[in-house]
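Along the sequence shown, residues carry numbers from 1. Just so you know, these numbers come straight off a predicted model, no measurement behind them. Any value given below was found using the heavy atoms of this structure, including those in side chains, with hydrogens, waters and symmetry copies removed.
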Amino acid sequence: MLDILFCMCYHIYTCKTLHKAVGSVALLKDKDGKTEPEFLRDYDVTKYFRPSVTVDAVLFHVQKIGGLKLLMIKRGGHPYLGMYAFPGGFVDQNESCEAAVSRELAEETGISGVNLRQLVTVSTPDRDPRWRNITAVYCGKVDEKIRAVAGDDADDAIWFDITYDKPEGVLRFDGGDVKFECKLEIARDAFGRIDLNNTRIVGRGRLAFDHAKIICYLFEAIEEGLL
């Protein structure tokens with residue numbers, strides 16, 4: 001009985017203490033004399049530059065003969081009209097990046113139900129000619145080629161066989177009737193990884209945005225056993 005009474009008293013004391021602590025935090029004033037509710041009420045969302053957020057979906061299959069099979073869409077609009085890119089797009093206002101990348105993949109290729117994990121976030125300031133767009137890149141390893149049907153603003157969806165000549169910084173793409181190469185000058189960070197901000201695309205072939213850099217990054221992540 002005493003144990004029960006003690007537990008009840010302790011619970012009441014803890015709740016009162018927690019309520020008091022939370023109330024105290026809310027009443028703390030900053031250097032401008034504002035409480036947190038007042039600060040949030042007056043907060044100016046235009047005070048800092050606001051980049052947009054996009055997502056990209058990289059579906060790939062590791063081939064036994066070497067190289068990757070990777071899904072890309074043919075862009076149906078500007079910028080890079082008619083060039084090849086990852087399925088992807090902008091994150092909606094009330095949407096997580098994870099929900100956005102699954103939605104974009106389904107809209108542009110008809111593919112759903114693939115487990116995706118984040119590969120890298122790319123924030124190079126001039127990576128997109130439209131605006132300052134930061135992209136979260138997600139990847140999904142599939143056991144075999146999944147049939148893709150282009151939709152939304154994608155004119156086509158193609159599985160490319162891709163090889164990476166690491167010493168030369170060359171990507172070679174074979175999509176049947178569509179073949180091209182990309183040439184890069186690879187820069188590396190202090191950890192020996194590809195520096196996506198300072199690596200330069202010197203010959204993009206028919207690939208849009210900075211996706212050649214990301215494909216090289218993917219190849220090396222697989223080589224290091226990270227995926």
Side-chain angles (χ1 to χ4, degrees), residues 18-59 72-109 112 116-140 151-155 184 187-191 193-201 204 207-218 221:
L18 180 60
H19 178 74
K20 185 176 181 180
V22 172
S24 298
V25 171
L27 294 176
L28 288 176
K29 294 186 177 182
D30 62 14
K31 61 182 180 181
D32 296 319
K34 293 182 179 180
T35 62
E36 185 172 300
E38 291 169 338
F39 168 80
L40 295 175
R41 179 197 64 200
D42 299 335
Y43 184 71
D44 180 9
V45 296
T46 67
K47 182 178 180 180
Y48 299 102
F49 178 74
R50 290 171 292 167
S52 297
V53 179
T54 62
V55 289
D56 289 296
V58 184
L59 294 193
M72 309 207 79
I73 57 102
K74 184 178 181 181
R75 289 184 56 79
H78 294 299
Y80 299 109
L81 175 64
M83 300 181 78
Y84 293 91
F86 304 131
F90 289 89
V91 179
D92 289 340
Q93 182 175 359
N94 295 311
E95 188 177 43
S96 67
C97 288
E98 289 76 12
V101 72
S102 294
R103 172 181 56 77
E104 288 287 350
L105 179 63
E107 289 175 355
E108 295 188 350
T109 70
S112 61
L116 299 170
R117 59 184 291 185
Q118 190 167 359
L119 173 67
V120 67
T121 300
V122 190
S123 60
T124 309
D126 60 352
R127 60 172 303 275
D128 190 321
R130 294 170 293 189
W131 185 246
R132 177 72 192 280
N133 291 332
I134 296 172
T135 194
V137 183
Y138 290 79
C139 65
D152 197 21
D153 52 1
D155 276 352
L184 302 94
R188 298 196 176 274
D189 62 20
F191 303 98
R193 300 173 303 193
I194 292 177
D195 182 339
L196 292 169
N197 294 319
N198 293 306
T199 290
R200 294 179 59 241
I201 299 172
R204 70 170 53 256
L207 208 60
F209 302 106
D210 54 355
H211 293 182
K213 300 182 188 182
I214 297 168
I215 293 172
C216 293
Y217 190 94
L218 173 69

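Side-chain contact check for Tyr84 versus Ile73: every heavy-atom pair is 4.5 Å or farther apart. Val122 is listed as a side-chain neighbour of Val137, based on a closest heavy-atom distance under 4.5 Å. Contact of the Leu196 side chain with the Val120 side chain is registered, since non-hydrogen atoms from C-beta on lie closer than 4.5 Å. Within the 4.5 Å cutoff, the side chain of Asn133 has heavy atoms near those of the Phe90 side chain. Between Val45 and Arg50, the closest side-chain pair of non-hydrogen atoms falls below 4.5 Å. Using a 4.5 Å heavy-atom cutoff, the side chains of Phe49 and Arg132 are in contact.
With sequence neighbours left out, the salt bridge (charged side-chain N to carboxylate O under 4.0 Å, His left out) criterion links Arg204 to no other residue. For Tyr48, the ring pair (Phe, Tyr, Trp, His ring centres under 6.0 Å) test picks out no residue, with sequence neighbours left out. The ring pair (Phe, Tyr, Trp, His ring centres under 6.0 Å) search around Phe209 returns Tyr80, His211, not counting sequence neighbours.
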ask   = Going through the checks in order, is the side-chain contact (heavy atoms from CB on, under 4.5 Å) test met by Leu27 and Glu36?
value = CA-CA 7 Å; Leu27 294 176; Glu36 185 172 300; over 6 Å; no
inquiry  = Run Asp195 and Arg188 through salt bridge (Lys or Arg N to Asp or Glu O under 4.0 Å) and show every step you take.
reply    = CA-CA 5 Å; Asp195 182 339; Arg188 298 196 176 274; over 6 Å; no
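Of the residues Thr124, Thr121, Val101, Asp56, the one that meets the side-chain contact (heavy atoms from CB on, under 4.5 Å) test with Thr135 is Asp56.
To the nearest 0.5 angstrom, Cys139 atom SG is 8.0 Å from Leu116 atom CG. In this structure, the separation between NZ on Lys34 and CZ on Arg41 is 7.0 Å, given to the nearest 0.5 Å. Distance check, rounded to the nearest 0.5 Å: CG of Leu40 to OG1 of Thr35 gives 8.5 Å. Between atom CD1 of residue Ile194 and atom CG of residue Asn197 there is a gap of 12.5 Å, rounded to the nearest 0.5 Å. Atom-to-atom distance recorded for Tyr138:OH and Cys97:SG is 4.5 Å, nearest 0.5 angstrom. How far OG of Ser52 is from CZ of Arg130: 8.5 Å, rounded to the nearest 0.5 Å.
Taking all atoms of both residues into account, the shortest heavy-atom contact from Leu105 to Thr109 is O-OG1, 2.6 Å. Across Phe86 and Glu108, no two heavy atoms sit closer than the pair O-OE1, 4.4 Å. Annotation for Ser96 and Val91: closest pair O-CG1, 4.2 Å, computed over non-hydrogen atoms.
At distances below 3.5 Å, not a single donor-acceptor pair connects side-chain atoms of Arg200 with backbone N or O atoms of Leu184. Panel note: side chain Ser112, backbone Ala106; no donor-acceptor pair is recorded below 3.5 Å. Although no hydrogens or angles enter the test, the distance criterion places no donor-acceptor pair under 3.5 Å between the side chain of Asp210 and the main chain of Lys213. Using modelled atom types, no side-chain atom of Asp92 and backbone atom of Asn94 make a donor-acceptor pair closer than 3.5 Å. The backbone N or O of Ala154 sits nowhere less than 3.5 Å from a side-chain atom of Lys74 that would complete a donor-acceptor pair.
We find that Arg103 and Glu95 are joined by a salt bridge, their nearest charged nitrogen and carboxylate oxygen being less than 4.0 Å apart. Comment: Asp189 engages Arg193 in a salt bridge, judged by a side-chain N to carboxylate O separation of less than 4.0 angstrom.
When the shell of 6.0 Å around CZ of Phe191 is examined, it contains 12 or fewer heavy atoms from other residues, nucleotides or ligands.
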